[in-house]
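Residues take their numbers from the sequence shown, with the count starting at 1. Here the structure is a predicted model, which means the values were calculated and not measured.
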Amino acid sequence: KDPMWRAKLAHETLVNPGHAGELTNKCTSCHAPMGRFEAEHDGVEFYTTDMLDVDSIALDGVSCMACHAQQIETVGLSFSGELHYNPDTIWGPVFNIPKNGLPLQDFIMSNFVGVAPIAHPKASKSESCAGCHSLITNTADLQGNATGTTFIEQATYHEWLNSSYNTQDFNALECQGCHMPKAEEPIIIASGYDWLPGRDPFAQHWLVGGNSFMLELMKNRIDELGITATEDHFQTVIDRTLDNLQNHTAEIEVIQGVVDADTARFAVRVSNKAGHKMPSGYPARRAFIEFIAVDEDGNEVFHSGRINPDFEVQGQDPAWEPHYDMISDDANEVQIYEMVMGDVMGNVTTVLERAHHMIKDNRLVPTGFSTTHAVY
């Protein structure tokens with residue numbers, strides 16, 4: 001139901017209508033996986049947006065089975081939405097709540113839902129996120145012809161692999177460590193069975209990132225988008241997202257240097273606190289530095305990174321803004337951390353299927369990132 005995703009999918013299929021079936025299959029693999037793979041199981045070759053619009057489990061987006069029904073043997077080994085499912089088994093973390101030799105919740109689920117829950121350590125590891133959070137696309141030229149080359153649209157899982165968060169130095173802080181923080185008390189995970197013992201430990205399925213903008217948009221358009229969550233629900237997630245951005249994503253430090261006549265020099269140090277690039281994921285995401293200097297009377301004398309009324313960043317070049325080691329012209333220079341895609345002609349593109357190479361990628365890498373790491 002995410003309107004930006006729906007618009008982007010429509011854009012991709014309008015640009016390359018001959019690939020509409022493959023593009024919709026690929027995009028729904030991660031954004032509406034339950035409906036998409038249910039249709040594949042039933043023999044449907046190409047899942048369409050018309051099918052999605054009348055498919056209740058597709059409209060649920062990424063719900064429980066999308067993650068927990070992945071075949072555990074393939075978890076962490078297949079990417080780009082190439083998900084593999086088992087129709088009668090789900091996997092979860094290892095718990096120890098015995099009753100006659102079996103966890104009571106597992107007995108309840110087998111009898112009431114008809115699927116067998118099996119404990120496996122992979123279910124609480126970063127590998128369970130890998131299938132959708134590293135995406136390689138096939139490149140097409142401007143006429144829609146396949147070039148035979150590929151492009152790494154995002155590699156969040158592999159960025160985590162190539163970081164200290166994947167080492168014993170950080171006690172192997174998994175993706176779930178930040179995005180699914182553990183509850184401080186046992187949690188009953190079934191609805192309507194308050195007599196069940198609680199799960200402990202239990203990972204809270206917050207799954208927040210940094211996209212408060214889309215959450216605000218959806219909160220303000222609940223009826224139009226057919227959303228069942230309330231404004232209060234959205235506000236809870238927005239608050240968590242802002243906390244994640246403000247307190248757990250990056251640290252910024254301003255260091256005063258030499259002041260010489262009418263020139264003041266400052267160093268700005270930005271440290272990435274995430275276990276992947278910052279920003280990571282879909283290429284439209286970017287971060288920029290807003291730097292304001294005022295005189296002793298509080299008057300602005302320098303302002304780089306100002307937001308204009310049209311929400312563009314002042315000073316950004318029409319095509320793309322280069323990376324700077326030093327900024328001295330606040331009207332025309334701004335530090336933007338981003339990945340910019342280029343097509344086969346070397347021009348900037350926002351069409352994922354036309355992405356051929358990176359024109360720019362100055363995103364901040366995670367601690368421990370190395371260009372000699374195997375996944376680099």
Side-chain angles (χ1 to χ4, degrees), residues 1-2 27-42 47 52 55-99 102-135 156-157 160 172-183 186-193 196-209 228-229 233 237:
K1 297 180 181 180
D2 178 341
C27 295
T28 53
S29 293
C30 290
H31 287 269
M34 296 189 301
R36 150 81 165 86
F37 286 100
E38 173 100 343
E40 181 183 274
H41 181 269
D42 292 342
Y47 192 65
L52 186 153
D55 188 340
S56 60
I57 62 171
L59 292 172
D60 273 348
V62 180
S63 194
C64 309
M65 301 291 271
C67 298
H68 286 279
Q70 291 185 81
Q71 288 183 1
I72 209 68
E73 297 84 2
T74 63
V75 166
L77 299 176
S78 59
F79 315 102
S80 303
E82 296 296 329
L83 307 178
H84 305 277
Y85 286 107
N86 192 307
D88 57 5
T89 308
I90 63 169
W91 285 269
V94 177
F95 296 99
N96 184 23
I97 314 173
K99 182 181 175 77
L102 288 172
L104 181 58
Q105 286 94 332
D106 295 355
F107 175 80
I108 293 289
M109 181 166 284
S110 295
N111 281 271
F112 282 77
V113 184
V115 294
I118 298 177
H120 197 286
K122 264 191 183 181
S124 58
K125 302 292 185 182
S126 299
E127 288 98 313
S128 62
C129 312
C132 285
H133 289 279
S134 281
L135 172 61
T156 308
Y157 169 70
W160 173 84
L173 182 59
E174 308 286 343
C175 302
Q176 292 86 341
C178 294
H179 297 282
M180 300 175 65
K182 286 199 168 48
I187 301 295
I188 298 172
I189 64 171
S191 63
Y193 303 106
L196 285 171
R199 296 279 198 179
D200 186 16
F202 176 76
Q204 300 175 97
H205 289 50
W206 289 1
L207 299 168
V208 297
T228 55
H233 293 149
V237 181

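The distance from atom CE of Met180 to atom OG of Ser124, rounded to the nearest 0.5 Å, is 9.0 Å. Rounding to the nearest 0.5 Å gives a distance of 14.0 Å between NE2 of His120 and NE2 of His68. Put simply, CZ on Phe202 and NZ on Lys182 are 11.0 Å apart, with the number rounded to the nearest 0.5 Å. Leu207 contributes atom CG, which lies 7.5 Å from atom SG of Cys67 (distance to the nearest 0.5 angstrom).
Heavy atoms only, all atoms of each residue included: Ile189 and Arg199 are closest at CD1-NE, 3.6 Å. Taking both residues in full, the closest heavy atoms of Leu59 and Lys1 are given as O-CE, 3.6 Å, listed atom of the first, atom of the second, then distance. Pairing each heavy atom of Cys129 with each of Cys175, the nearest pair is SG-CB, 4.0 Å. For the residue pair Lys125 and Pro121, the shortest heavy atom distance occurs at CG-O, 3.1 Å. Considering all non-hydrogen atoms of both residues, Leu83 and Pro33 come closest at CD1-CB, 4.3 Å. Residues Ile72 and Ala123 share a closest heavy-atom pair of CD1-N, 4.4 Å.
Counting only distance, with no hydrogens or angles, the side chain of His133 and the backbone of Gly131 share no donor-acceptor pair below 3.5 Å. Thr74 places no side-chain N or O within donor-acceptor distance of the main-chain N or O of Ser78, the cut-off being under 3.5 Å. Although no hydrogens or angles enter the test, the distance criterion places a donor-acceptor pair under 3.5 Å between the side chain of Tyr85 and the main chain of Ala66. For the pair Glu127 (side chain) and Val75 (backbone), a donor-acceptor distance under 3.5 Å is absent. Between the side chain of Gln70 and the main chain of Ser128, a donor-acceptor pair closer than 3.5 Å is present.
Counting only heavy atoms from C-beta outward, the side chains of Glu174 and Trp160 approach each other to under 4.5 Å. Under the 4.5 Å side-chain criterion, counting only non-hydrogen atoms from C-beta, Asp55 is in contact with Tyr47. Between Ile57 and Ser63, the closest side-chain pair of non-hydrogen atoms is not below 4.5 Å. Inter-residue side-chain proximity for Gln176 and Ser126 is flagged as met; some heavy-atom pair is nearer than 4.5 Å. Here the side chains of Arg36 and Cys30 are not in contact, with every heavy-atom distance at 4.5 Å or above. Using a 4.5 Å cut-off on side-chain heavy atoms (C-beta onward), Met34 and Asp60 make contact.
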Pair Ser29, Phe37 - check side-chain contact (heavy atoms from CB on, under 4.5 Å), show working. CA-CA 7 Å; Ser29 293; Phe37 286 100; 4.0 Å; yes
